[in-house]
Structure formats: structure tokens, C-alpha cells
Amino acid sequence: MGGLHKFMNWERPILTDSGGFQVFSLSQLRKITEEGVRFASHVDGKRIFMGPEESMQIQSNLASTIAMAFDECIENPAPYKYVKESCDRTVRWLVRCKTELDRLNSLPETINKNQMLFGINQGGTYEDLRIEHMHKIAELDLAGYAIGGLAVGEETEEMYRIINAVEPHMPKGKPRYLMGVGTPCNILEAVHMGVDFFDCVMPSRNARHGNLFTWNGKMNLLNEKYAKDPRPFDENCGCPACRNYSRSYVRHLIKAKESLGMRLAVAHNLYFYNNLTREIRKALDGGYFESFYQKYRNILGERNPD
Ligand SMILES: [Zn+2]
């Protein structure tokens with residue numbers, strides 16, 4: 001169908017993941033070799049093989065703006081020796097990803113010949129392995145670099161410790177991407193540590209369960225106190241839900257399992273995240289990010305008192 005941009009009628013950037021994380025998080029039956037991973041589909045049990053080349057071919061066919069490297073995403077904590085070997089293999093896989101994507105980008109039939117490759121830093125919760133791995137993948141001079149393998153069950157403080165340790169070793173002047181993160185607070189903290197971009201299911205998934213984010217903190221819409229609350233989620237929000245509907249009504253829809261309730265809540269959270277990141281960029285450009293950070297670092301993670 002001509003690639004994702006055409007298929008979805010979306011002319012802005014699209015990032016595709018490599019499938020690495022998905023193989024490791026969804027599949028019970030998997031076997032890792034130097035070549036790649038053999039696993040059983042979580043949908044129908046079919047045996048599938050995926051290695052760096054297969055992942056790049058799929059992402060090239062999807063024709064996203066940014067393709068992510070195929071890597072092994074390990075659990076935290078994992079034994080030091082295992083993590084070290086896994087990191088070494090991930091570097092070898094990254095070299096294969098780069099070679100394959102360069103080849104695909106040179107083919108006449110390739111849809112997006114300018115597809116970019118981002119490398120992914122791994123190393124579990126070991127600072128020395130993280131730094132060593134970062135140095136090795138930085139040598140490949142890729143378009144951008146991600147920190148992967150975090151937000152997979154470890155404590156938030158543990159995640160911040162690793163970001164702080166590895167960030168100074170990330171190439172200057174290239175985008176830094178923290179994969180799978182996170183709450184508004186996590187995003188603000190990570191930007192403060194030098195991260196540029198993020199992806200997460202949180203705004204949409206939490207919304208579907210009635211958990212909303214606002215500039216005054218978090219709200220659980222299913223709380224009894226909102227049952228007869230005529231106000232919007234957030235008085236200052238311009239999203240379609242806040243402009244037209246009350247907390248009471250959207251709460252009713254969600255409780256009645258009416259899908260419109262979930263849609264309105266998702267619209268609000270996505271609007272909030274877009275606004276949050278826009279305000280962060282404005283604060284950075286305007287030179288007042290530090291005071292913005294100090295003002296919101298606590299508020300955003302607390303319960304909305306209102
Ligand atoms: Zn709203």
C-alpha cells in the first residue's frame with residue numbers, strides 16, 4: 001500500500017520499533033542465537049525467525065522515517081555476565097542492521113530511501129556496561145541514539161541513575177530517545193537530564209482506565225467525588241473533551257463501558273502530552289526551563305487536589 005505514510009495518510013514523522021522488545025516481552029517460547037531470535041507468535045503459535053536483517057527489511061517496507069535497531073531487551077535485574085554478552089551481541093547486530101539498511105536505502109524500489117537508523121543503548125542496570133556499550137554504538141555514527149531496556153520493572157530512581165550515568169557519553173548534537181517512558185513527571189525529569197524524545201502507551205492506556213493527567217496533577221475519574229462534578233477535567237484545557245463535557249458525564253460513559261468515554265479521555269491525555277512537550281520546548285528555547293522544571297516536577301506527579 002505504498003508504506004505507512006501513504007497507508008495512514010500521515011505526512012509527519014513516523015518511528016517504527018524493531019520488534020526486539022516485542023519478541024522479548026510477548027513471547028514465552030524464544031531462542032536467541034548469534035543469527036537472531038526464533039519465537040512462537042503470541043497470536044497463533046506460528047514459529048517465526050527474526051534477526052537484524054529481517055527487522056530492517058520489514059521496517060524498510062513500512063517506510064517509516066526512523067527505524068529502530070534490532071536488539072535484545074533483557075529483564076532487570078539480570079546477571080552481569082549475561083548482560084555483558086548480550087551487549088556485545090547487540091553491537092554485532094547493530095552493525096548488521098546498519099549494513100542492511102544502507103543496502104535497502106540504495107535500492108531503486110525502496111519507498112523511503114532516506115530512512116534513518118537509531119541505535120539502542122543496553123546494559124541493564126550496570127553503569128559500566130551501559131557506558132561501554134554507548135561508546136561502541138556511538139562509533140557507528142548513526143542518526144540518533146536511544147536508551148532502551150529501562151522502564152521494564154525497575155524502580156524509577158534506578159532508571160534515573162542509569163540515564164544520568166549514560167547521558168554524558170551520548171553523542172552531542174544527535175537526538176536522544178528514552179524508549180517506553182513515561183509519566184509527565186518522568187518526561188520532565190528526563191528532559192532535565194538531557195533526553196529529547198519519548199514514546200509511551202501511558203497517555204492512551206491510562207485514559208482508557210479513567211486515569212487523566214492535568215497541569216494540577218493526576219486524576220482518577222472513577223472516584224466517587226466526580227460523579228456529580230459539572231466541571232471539565234481541567235478548566236484551562238482546550239481539548240474537545242474539556243471544551244464540551246463534564247467530569248460527571250465522561251465518568252458515566254466510562255463506567256457504562258461506552259467507548260465514547262474512553263475516546264474523550266484519550267483525546268484529553270494526548271492533548272495534554274502534546275501541550276506538555278510544547279511548553280517544555282518553549283521553556284528550553286526561552287531559557288527558563290530550570291524554573292519550569294522546579295515548578296512542575298512535583299505537581300505533575302501528585303493527585304489533582306481539585
Ligand atoms: Zn482536556
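Both counts, for ligands and for their atoms, begin at 1 and track the order of listing. Values below: every heavy atom of this structure, side chains too, minus hydrogens, waters and symmetry copies.
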Between [X] and [Y], is there a side-chain N and carboxylate O pair less than 4.0 Å apart?
{"X": "E85", "Y": "R89", "value": "no"}
{"X": "D141", "Y": "K174", "value": "yes"}
{"X": "E224", "Y": "R251", "value": "yes"}

Scan side-chain atoms only and decide if D199 and Y177 contain a donor-acceptor pair under the 3.5 Å cut-off.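 D199 vs Y177: donor-acceptor pair found between side chains.
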How are the rings of F272 and H268 set relative to one another: parallel (under 30°), tilted (30 to 60°) or perpendicular (over 60°)?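 Parallel, since the angle between the ring planes stays under 30°.
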In the protein, N/O/S atoms that are found under 2.8 Å from the Zn ion (ligand 1), waters not counted: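 Less than 2.8 Å away from the Zn ion (ligand 1) sit C237 SG, C239 SG, C242 SG, H268 ND1.
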Count the heavy atoms of every other residue, nucleotide or ligand shown that sit under 6.0 Å from CZ of F49, and state whether that count exceeds 12.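 Buried by this count: over 12 neighbours within 6.0 Å.
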